[in-house]
Amino acid sequence: PEQQQQQQQQQRGARADPTAPATLLQDGEKEKAQEEEEDCKYAVSTMVFGHASMAAEGLNVAIGLDDRVLAIELRHGCEALEREVFSHGRLEDRQNLEYCYHGIARHTEHVPAHMKEKIAKGEYHGGSLSEEDFDEGHDGMRLDDFLLAQESRLASLTRPEVLALRLYTTSSYPCFTKPLRDLACPHPFRMCVYHLSTGLKKLRAVAAKREPERFAQKITLWRGLKNVRLDVGQFLAEGGTEVAPMSTTTEMEMALAYAESDSPVLMQIEAAGLSPGGS
């Protein structure tokens, strides 16, 4: 089965994106870039927000997705996401895509090899990980099963949106976030980002329908960042836009734990109604 998966991945990797020609990194260059990024992740960096005008212009402008290209790619559905990952992603990203798109959740032959290694070590993104934690509660589910889940139906999610949401929860989330924060345009995974964005916005309907009173209440969210500097004066004077998906928590202690470093930043966000987003 593993040899068959590798052959399928190689075949998909040969596909080109006719709407977005780009210089592609070979697998070795991609892995080297990842290693260099890992080496410097503990260095103190200056936190950069996009200009407030980016929020006014909208996501499609930021990722270089005009109406013509969007109309073409929407017709391709999940295949558009698959093409992007196999054209621009690392081997790990392609394995994650295979698992989310064609695989069976938690099935031994379908769990990506890199995840099996992480489970064996019991570590994942600085936290602990057991075999029971990985894709918990989803045994035997395929992509269409997630599409039929109650939350998906309440939010009227599409198949590409479910795939993008599933892919973002894997170790491939930097495919979405890093080009956004680097202000790369066109974004190499722009249809992945587009469907993630529309899916997240639709998921707000779940809380709005299940708990309408609570949905309208103001809540305080926290985000902790480690080893970063923030020009507070400039931010207070000019404002800004967080240009990528941003995880938050309602527990300040958890955010503080994530921020623990020589140069921590703790963000407090007041939100209500449609503002908190969905997850």
**Item:** By side-chain contact (heavy atoms from CB on, under 4.5 Å) - contacts of Ser247 (at least two apart)
**Value:** Arg223
**Message:** Show, in sequence, the C-alpha distance, side-chain angles and deciding distance for Gln217 and Glu211, and conclude whether the side-chain contact (heavy atoms from CB on, under 4.5 Å) test is met.
**Reply:** CA-CA 10 Å; Gln217 295 175 356; Glu211 302 177 282; over 6 Å; no
Do [X] and [Y] sit in one hydrophobic cluster, given that two such residues count as connected whenever their side-chain heavy atoms are within less than 4.5 Å of each other, even indirectly?
X	Y	value
Val61	Leu70	no
Trp222	Leu256	yes
Leu59	Tyr173	yes
Leu147	Leu143	yes
Ile219	Ile269	yes

Exercise: identify the closest heavy-atom pair between [X] and [Y]:
X	Y	value
Val69	Leu65	CG1-CD1, 3.8 Å
Val228	Val265	CG2-CG2, 3.4 Å
Cys185	Ile63	SG-C, 4.0 Å
Ala164	Leu196	CB-N, 3.6 Å
Tyr258	Lys226	O-CE, 2.9 Å
Met115	Val111	CB-CG1, 3.9 Å

Taking side chain as C-beta onward, heavy atoms only, is [X] less than 4.5 Å from [Y]?
X	Y	answer
Leu74	Met191	yes
Thr158	Thr198	no
Asp145	Arg142	yes
Leu200	Leu165	yes
Thr249	Leu221	no
Asn96	Ser171	yes

**Message:** Before we go on, tell me: are the rings of Tyr101 and Phe86 under 6.0 Å apart, centre to centre?
**Reply:** no
Is it true that a side-chain atom of [X] and a backbone atom of [Y] form a donor plus acceptor pair closer than 3.5 Å?
X	Y	value
Ser261	Ala259	yes
Asp93	Arg90	yes
Arg159	Cys78	no
Asp182	Ala184	no
Lys209	Leu154	yes
Lys202	Leu157	no
Arg106	Phe134	yes
Glu84	Cys192	yes

**Item:** Salt bridge Arg181-Glu242, side-chain N to carboxylate O under 4.0 Å
**Value:** yes
**Asked** Would you call Glu161 and Lys201 a salt bridge, taking side-chain N to carboxylate O under 4.0 Å as the test?
**Response** no
Quick check for you: to the nearest 0.5 Å, what is the distance between [X] atom [atom1] and [Y] atom [atom2]?
X	Y	atom1	atom2	value
Arg68	Glu73	CZ	CD	9.5 Å
His114	Glu92	NE2	CD	4.0 Å
Arg229	Asn227	CZ	CG	10.0 Å
Leu97	Glu82	CG	CD	5.5 Å
Thr220	Glu251	OG1	CD	13.0 Å
Leu163	His102	CG	NE2	8.5 Å

**Message:** Applying side-chain hydrogen bond (donor to acceptor under 3.5 Å, both in side chains), can you list everything that pairs with His138, at least two apart in sequence or on another chain?
**Reply:** Asp135
**Request:** Tell me, with the steps shown, if Val85 and Ser172 meet side-chain contact (heavy atoms from CB on, under 4.5 Å).
**Result:** CA-CA 9 Å; Val85 173; Ser172 294; over 6 Å; no
**Message:** Tell me which pairs pass ring pair (Phe, Tyr, Trp, His ring centres under 6.0 Å) where either residue lies in residues 181-209, with sequence neighbours left out.
**Reply:** His88-Phe189
**Item:** CD (Glu57) with more than 12 external heavy atoms under 6.0 Å
**Value:** yes
**Request:** Mark yes when over 12 heavy atoms from residues, nucleotides or ligands other than Asp67 sit less than 6.0 Å from its CG; otherwise mark no.
**Result:** no
